[in-house]
Amino acid sequence: MENLKAIAADLLQWYTINKRTLPWRENNAPYSVWLSEIILQQTRINQGLSYYLRFLEKYPTITHFANASEDDILKLWQGLGYYSRARNMHHTAQNIVNQHHENFPKNYSELLKFKGVGEYTAAAIASISFNLPHAVVDGNVYRVLSRLFAISTPIDTTEGKKTFKELANQLIDKDYPGDYNQAIMEFGALQCTPRNPDCDSCPFRNRCVARQTNLVDQFPVKVGKQKIKHRYFNYLLIDAGQKTFLNKRTKSDIWKNLYEFPVIETDHKAEVTELEEGLLKFFSNLDFEINGISPWHKQVLSHQHIHYRFIHIRTCYKKNMLSSLIKVNKKDIFNFAVPKPIERELERLNW
DNA sequence: AAACCGTGGCG
DNA sequence: TCGCCAAGGTT
């Protein structure tokens with residue numbers, strides 16, 4: 001135990017010297033801490049930083065956030081990925097404003113009940129905003145602790161999660177839980193990095209078991225990765241004069257509640273003739289002609305590869321046509337939150 | 001419990 | 001190039 005206290009103290013000391021100046025470290029108010037934690041989930045600081053600043057500027061309080069529409073939240077979130085984070089945050093903001101008098105509950109178990117707030121985020125808010133001794137366990141913590149103690153329990157198993165959470169909660173400095181949590185994460189991000197960690201200047205170079213046994217690159221241990229699913233999206237870029245058509249993805253699937261061009265999904269790179277049935281579903285007896293077809297592109301998601309292309313279709317605009325879709329003026333299309341493939345195509349089209 | 005859910009940078 | 005993985009959470 002004395003050993004653990006020394007490690008926590010060394011982490012805190014390392015942090016005071018090496019911590020970066022970041023906007024969410026300027027104050028510990030729960031709303032801004034929460035916002036930063038959600039944005040930074042599975043996301044690098046450089047990628048999330050500008051989003052954090054824009055959200056805080058547009059929605060300076062949780063009440064501003066809660067009063068926004070979901071479409072507006074998603075539009076500001078566009079490009080960040082994992083869009084359920086935005087939807088869940090919005091839901092929780094409204095919950096806190098309406099059911100909790102705009103105040104976050106000041107304990108871990110209540111925080112954990114909110115949508116989009118898991119063990120990590122609950123511990124982060126509890127420790128940073130309310131000085132409560134709950135240890136965060138994120139990718140950095142897994143890496144640092146697995147190396148320091150040469151723990152070979154796979155981190156992506158139930159047993160692994162339990163093991164590392166218990167160890168992290170033994171290690172936490174109960175006087176400075178927020179700083180301690182940020183210290184171990186910052187240490188993992190800057191010193192004990194996934195590849196080429198800086199072991200030579202590491203304050204634990206004489207205590208790290210992985211280092212002593214020359215096995216640093218063997219930790220953390222993981223059991224395996226899931227298989228990648230391939231999908232094929234034939235987007236219909238409909239040219240109806242000034243207008244085109246969009247579809248809102250409402251099902252439980254990727255990009256939920258974002259907008260896109262109407263799509264015919266196939267299970268392979270289909271020939272155009274194979275799309276006839278799909279086209280008929282949209283156009284039935286309307287006249288249209290295929291004006292051109294883009295090459296295939298690929299969007300890599302964490303667990304799927306989306307192969308997509310654009311079928312350019314020209315048709316005469318008729319009132320009430322394609323009523324299952326959203327009719328929009330081409331120039332208004334930038335008001336909609338769209339996934340990356342659509343965003344890139346809109347830039348290319350230069351509408 | 002295992003799948004699902006984005007995007008970008010890095011070596 | 002391509003697999004890894006980044007302040008995870010939900011179903």
Side-chain angles (χ1 to χ4, degrees), chain A residues 15 19-20 22-25 32-52 74 77-89 91-92 111-125 127-128 134-144 154-162 164-165 168 178 180-190 192-197 217 220 222-229 231 249 251-258 260 298-306 337-344:
Chain A
Y15 184 61
K19 74 172 175 181
R20 291 166 289 184
L22 293 167
W24 45 85
R25 292 187 175 148
S32 54
V33 168
W34 175 51
L35 176 66
S36 73
E37 295 299 345
I38 301 295
I39 285 177
L40 292 174
Q41 284 172 13
Q42 300 289 287
T43 304
R44 298 183 184 273
I45 284 176
N46 281 339
Q47 193 187 354
L49 188 54
S50 66
Y51 285 87
Y52 173 83
L74 285 173
W77 200 272
Q78 178 179 308
L80 243 195
Y82 284 131
Y83 298 93
S84 66
R85 293 182 294 174
R87 291 187 279 107
N88 288 335
M89 254 195 94
H91 182 273
T92 290
L111 292 168
L112 198 52
K113 291 178 182 171
F114 291 123
K115 261 194 180 174
V117 177
E119 294 185 352
Y120 166 81
T121 306
I125 298 171
S127 63
I128 297 171
H134 296 276
V136 297
V137 183
D138 74 331
N140 292 304
V141 176
Y142 283 124
R143 189 170 58 256
V144 171
I155 62 172
D156 53 350
T157 61
T158 306
E159 185 192 352
K161 292 185 199 335
K162 183 168 180 285
F164 284 95
K165 186 180 180 181
Y180 164 82
N181 277 333
Q182 296 187 77
I184 190 168
M185 291 192 286
E186 190 81 332
F187 180 76
L190 297 181
C192 194
T193 50
R195 285 168 308 228
N196 303 322
D217 61 354
K222 294 183 182 180
V223 289
K225 51 181 183 296
Q226 56 198 10
K227 271 191 291 186
I228 299 294
K229 180 181 173 187
R231 301 171 72 179
R249 297 183 65 90
K251 298 195 199 123
S252 304
D253 194 359
I254 59 170
W255 302 325
K256 185 179 177 184
N257 288 7
L258 271 62
E260 64 183 358
K298 190 165 79 168
Q299 175 70 11
V300 177
L301 281 58
S302 58
H303 58 302
Q304 298 182 16
H305 288 185
I306 309 299
V338 298
K340 271 294 165 183
I342 306 298
E343 182 184 334
R344 276 195 275 268

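Everything numeric here is computed off the predicted structure, so don't read it as measured data. We name chains A, B, ... by the order of the sequence lines, and we start the count at 1 in each one.
Counting distance only, with no hydrogens placed and no angle test, the side-chain atoms of A/T43 and the base atoms of B/dG6 include a donor-acceptor pair under 3.5 Å.
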Step by step, would you call A/Y142 with A/V137 a side chain to side chain contact (heavy atoms under 4.5 Å, CB included)?
CA-CA 7 Å; A/Y142 283 124; A/V137 183; 3.6 Å; yes
A/W77 vs A/I39, test: side chain to side chain contact (heavy atoms under 4.5 Å, CB included). Steps then yes/no.
CA-CA 9 Å; A/W77 200 272; A/I39 285 177; 3.8 Å; yes
Determine, stepwise, if the pair A/V136 / A/Q182 fulfils side chain to side chain contact (heavy atoms under 4.5 Å, CB included).
CA-CA 9 Å; A/V136 297; A/Q182 296 187 77; over 6 Å; no
Does the side chain to side chain contact (heavy atoms under 4.5 Å, CB included) test come out yes or no for A/F187 and A/C192, once each step is laid out?
CA-CA 6 Å; A/F187 180 76; A/C192 194; 3.7 Å; yes
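Nucleic acid contact class of A/L301 (heavy atoms, under 4.0 Å, all strands): base. Within 4.0 Å of A/T158, counting heavy atoms only, lie sugar-phosphate atoms of the nucleic acid but no base atom. Counting any heavy atom pair closer than 4.0 Å across all strands shown, A/G79 reaches sugar-phosphate atoms only and no base atom. Residue contacts for A/K222: at a heavy-atom cut-off of 4.0 Å it reaches the sugar-phosphate backbone alone, with no base atom in range. Nucleic acid contact for A/W24: base, since at least one base atom lies under 4.0 Å from a heavy atom of the residue. As judged by a 4.0 angstrom heavy-atom cut-off over every strand, A/D253 is placed among residues touching the sugar-phosphate backbone only. Residue contacts shown for A/R25 include a base, since a base heavy atom lies under 4.0 Å away. Within the 4.0 angstrom heavy-atom criterion, no nucleotide atom of any strand lies near A/S84.
Ion pairing between a basic and an acidic side chain is recognised when a charged N comes within 4.0 Å of a carboxylate O; A/E343 and A/K340 show such pairing.
If you take CZ of A/R195 and C1' of C/dA6, they are 10 Å apart, rounded to a whole angstrom. Per the geometry, CD belonging to A/E159 stands 15 Å off C1' belonging to B/dA1, to the nearest Å. If you take CG of A/L74 and P of B/dG6, they are 11 Å apart, rounded to a whole angstrom. Rounded to an integer number of Å, the gap from A/D217 CG to B/dC10 C1' is 17 Å. One atom, OH of A/Y82, and another, C1' of C/dA6, lie 9 Å apart when rounded to the nearest Å. If you take CG of A/L111 and C1' of C/dG8, they are 16 Å apart, rounded to a whole angstrom. A/R85 places its CZ atom 9 Å from the P atom of B/dG6, with the value rounded to the nearest Å. One interatomic measurement links the two molecules: CD of A/Q304 to P of B/dA3, which rounds to 13 Å at whole-angstrom precision.
Taking 4.0 angstrom as the limit, A/H303 places a side-chain polar atom (N or O) nearer than this to OP1 or OP2 of B/dC5. In terms of phosphate contacts, A/R143 brings a side-chain nitrogen or oxygen within less than 4.0 Å of OP1 or OP2 of C/dA6. One finds no side-chain N or O of A/W77 lying less than 4.0 angstrom from the OP1 or OP2 phosphate oxygen of B/dT7. Within the 4.0 Å cut-off from OP1 or OP2 of C/dG8, at least one side-chain nitrogen or oxygen of A/Q42 is found. Applying the 4.0 Å criterion to OP1 and OP2 of B/dG8, one finds that A/K340 has a side-chain N or O inside that range.
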With 3.5 Å as the limit, what N/O pairs link the protein to nucleotides 9-11 of chain C?
unit_1 : atom_1 : unit_2 : atom_2 : d
C/dG9  : OP1    : A/G118 : N      : 2.9
C/dG9  : OP1    : A/T121 : N      : 3.0
C/dG9  : OP1    : A/T121 : OG1    : 2.6
C/dG9  : OP2    : A/Y120 : N      : 3.2
C/dT10 : OP1    : A/G116 : N      : 2.6

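Between the side chain of A/R143 and the backbone N or O of A/G188 there is at least one donor-acceptor pair closer than 3.5 Å.
Taking all atoms of both residues into account, the shortest heavy-atom contact from A/T43 to A/R85 is OG1-NH1, 3.1 Å.
Put simply, CG on A/N181 and CG on A/N140 are 11.5 Å apart, with the number rounded to the nearest 0.5 Å. Atoms OH and CH2, on A/Y83 and A/W255 in that order, are 8.5 Å from each other to the nearest 0.5 Å.
Atom C1' of C/dG9 sits at a distance of 15 Å from the matching atom of B/dA1, rounded to the whole Å. Rounded to whole Å, the separation between the P atoms of C/dA7 and B/dG11 comes to 15 Å.
Nearest nucleotide to the side chain of A/N140, out of B/dG6, C/dA7, C/dC5: C/dA7.
Two residues, A/R231 and A/R344, neighbour DNA chain B, and the one matched to the more 5' nucleotide by heavy-atom proximity is A/R231.
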